[in-house]
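The model shown is predicted, which means the values in this text are computed figures rather than measured ones.
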Amino acid sequence: MVVPEPCFTRIFTEFNLFNVECLKIVISKCLGYAIILGSFVVKVPQIGKILQAKSGEGISLASVLCELVAISANAVYGFSHGFPFSAYGEGVFLAIQTALVMFLVLMYGGRQLGSFLFLAVYVAIMAVLLSPATPKGLIAAMQGVNIIIVMASKLIQAYANFTNGGTGQLSAITVLMLWGGSLARIFTSIQETGDAMTVVTYVAAFICNCVLVAQIVYYSRKAKAD
């Protein structure tokens with residue numbers, strides 16, 4: 001619900017339109033659902049570039065794998081802790097799209113068997129992690145390590161861009177959307193979860209996304225100058 005109680009009563013019954021706490025809750029909910037809606041298509045430009053070029057050139061497999069682990073761990077953590085879907089829901093759709101990116105990069109890299117084996121293993125692992133049988137202590141530990149994985153996933157790609165002297169098939173639109181989403185998630189995580197590990201994870205993601213955005217701007221300008 002975008003306007004939960006008691007804020008619904010305060011705003012729509014008592015017409016207290018400038019209640020600061022309620023405004024923060026409503027803004028957070030709206031941002032959260034906007035991020036989830038955006039997550040439906042955030043990696044579509046990246047997938048489209050790979051399909052069009054029939055190549056994953058310039059895309060680091062290690063980076064994509066780290067990103068997939070980080071996204072999946074964050075979604076599992078939010079689900080297991082009973083956070084509102086608006087606080088972690090985009091992780092579900094981002095995980096599906098990131099897994100597809102991984103599949104395509106493997107496929108066009110000549111590793112057809114590996115691409116299907118990867119999907120089978122990933123689905124099996126997620127089924128186990130989302131089951132009630134998985135200890136919450138294990139999930140909390142995964143989220144703790146997640147901060148390092150998030151940074152690694154971004155910085156590995158940044159290093160690949162640097163060594164390649166360009167961003168290859170990396171989609172600027174996707175990177176910019178992830179940058180904006182991580183910035184918005186800092187606010188929504190503080191507001192809706194109050195969970196320090198979740199907040200720090202998004203802060204780390206935002207800082208590293210800034211590096212990728214800077215590289216895209218730099219290399220695009222360099223290409224035009226050449």
**Message:** Tell me the closest heavy-atom pair linking Cys208 and Lys154, and the distance in Å.
**Reply:** CB-CB, 3.3 Å
**Complete:** For Val211 and Ala158, the nearest pair of non-hydrogen atoms, with its separation, is CG1-CB, 4.0 Å
**Message:** Minimum heavy-atom separation for Met151 and Ala204, please, with both atom names.
**Reply:** CG-CB, 3.8 Å
**Message:** If you compare all heavy atoms of Pro45 against all heavy atoms of Val41, which two are closest, and at what distance to 0.1 Å?
**Reply:** CD-O, 3.2 Å
**Fill in**
Nearest heavy-atom approach of Gly181 to Ile35 is O-CD1, 4.0 Å
Pairs under 3.5 angstrom only: tabulate donor-acceptor contacts from the side chains of residues 98-114 to other protein residues two or more places apart or in another chain.
residue	atom	partner	partner atom	Å
Thr98	OG1	Lys43	NZ	3.3
Thr98	OG1	Leu94	O	2.7

**Request:** Provide the full list of ring-ring contact (aromatic ring centres under 6.0 Å, His included) pairs with a residue in residues 35-76, sequence neighbours left out, each pair given once.
**Result:** Phe40-Phe93
**Message:** If you count heavy atoms of other groups shown closer than 6.0 angstrom to CZ of Phe79, is the number above 12?
**Reply:** no
**Asked** In terms of hydrophobic clustering (I, L, V, M, F, W, Y; side-chain heavy atoms under 4.5 Å; direct or indirect links), are Val150 and Val92 co-clustered?
**Response** no
**Prompt:** In Å, rounded to the nearest 0.5 Å, how long is the span from CD of Glu90 to CZ of Phe85?
**Reply:** 8.5 Å
**Listed partners of Tyr218 passing ring-ring contact (aromatic ring centres under 6.0 Å, His included), at least two apart** = none
**Request:** Please collect all salt bridge (charged side-chain N to carboxylate O under 4.0 Å, His left out) contacts where either partner lies in residues 207-218, sequence neighbours excluded, each pair once.
**Result:** none
**Message:** Using the rule given for side-chain contact (heavy atoms from CB on, under 4.5 Å), can you reason through Met177 versus Thr174, listing the C-alpha separation, both sets of side-chain angles and the distance that settles it, and then say yes or no?
**Reply:** CA-CA 5 Å; Met177 290 180 73; Thr174 294; 5.9 Å; no
**Asked** Quick one: hydrophobic cluster around Val200, which other residues, with the 4.5 Å side-chain cut-off, linked directly or via members?
**Response** Ile147
**Message:** Show me the pairs that pass ring-ring contact (aromatic ring centres under 6.0 Å, His included) and involve residues 145-184, at least two apart or across chains.
**Reply:** Trp179-Phe206
**Asked** With the 4.5 Å side-chain cut-off for hydrophobic clustering, are Ile125 and Val123 part of the same group?
**Response** no
**Prompt:** Between Gln46 and Leu178, is any pair of side-chain heavy atoms under 4.5 Å apart?
**Reply:** no
**Asked** Side chains of Thr188 and Arg185: is there a donor and an acceptor less than 3.5 Å apart?
**Response** yes
**Message:** Checking Gln97 now: which residues fulfil side-chain hydrogen bond (donor to acceptor under 3.5 Å, both in side chains) with it, not counting sequence neighbours?
**Reply:** none
Between side-chain atoms of residues 68-76 and protein atoms elsewhere (two or more places apart, or another chain), which donor-acceptor pairs fall under 3.5 Å?
residue	atom	partner	partner atom	Å
Ser72	OG	Leu68	O	2.7
Ser72	OG	Tyr122	OH	2.7
Asn74	OD1	Gln143	NE2	2.9
Asn74	ND2	Tyr202	OH	2.7

**Message:** Taking Met142's backbone N and O only, do any of them form a donor-acceptor pair with Asn146's side chain (distance below 3.5 Å, no angle check)?
**Reply:** no
**Asked** side-chain contact (heavy atoms from CB on, under 4.5 Å) between His81 and Tyr88: does it pass, once the steps are laid out?
**Response** CA-CA 11 Å; His81 281 69; Tyr88 70 91; over 6 Å; no
**Request:** Could you tell me which residues satisfy side-chain contact (heavy atoms from CB on, under 4.5 Å) with Ile190, sequence neighbours excluded, listed by chain and number?
**Result:** Ile186, Val199
**Message:** Enumerate the salt bridge (charged side-chain N to carboxylate O under 4.0 Å, His left out) contacts for residues 195-220, please, sequence neighbours excluded, ordered by first and then second residue.
**Reply:** none
Show me the donor-acceptor pairs, under 3.5 Å and distance only, between side chains in residues 126-139 and residues at least two apart or in other chains.
residue	atom	partner	partner atom	Å
Ser131	OG	Val128	O	2.6
Thr134	OG1	Val128	O	2.4
Lys136	NZ	Ser80	O	3.1

**Message:** Do Val145 and Ile207 sit in one hydrophobic cluster, given that two such residues count as connected whenever their side-chain heavy atoms are within less than 4.5 Å of each other, even indirectly?
**Reply:** no
Under 3.5 Å, which donor-acceptor pairs link side chains of residues 52-66 to any protein atom two or more places apart or in another chain?
residue	atom	partner	partner atom	Å
Ser55	OG	Glu57	N	3.0
Ser60	OG	Ala62	N	3.4
Ser60	OG	Ser63	N	3.1
Ser63	OG	Ser153	O	2.4

**Prompt:** Got a second to check how far Leu183's CG is from Asn209's CG, nearest 0.5 Å?
**Reply:** 10.0 Å
**Request:** Determine, using the 4.5 Å side-chain heavy-atom cutoff (strictly less than), whether Leu37 and Ile173 are members of one ILVMFWY cluster.
**Result:** yes
**Request:** Check the hydrophobic clustering (I, L, V, M, F, W, Y; side-chain heavy atoms under 4.5 Å; chains of links allowed) and say if Val42 and Tyr33 are grouped together.
**Result:** yes
**Message:** Can you tell me how far apart OG1 (Thr167) and CG (Leu212) are? Round to the nearest 0.5 Å.
**Reply:** 10.0 Å
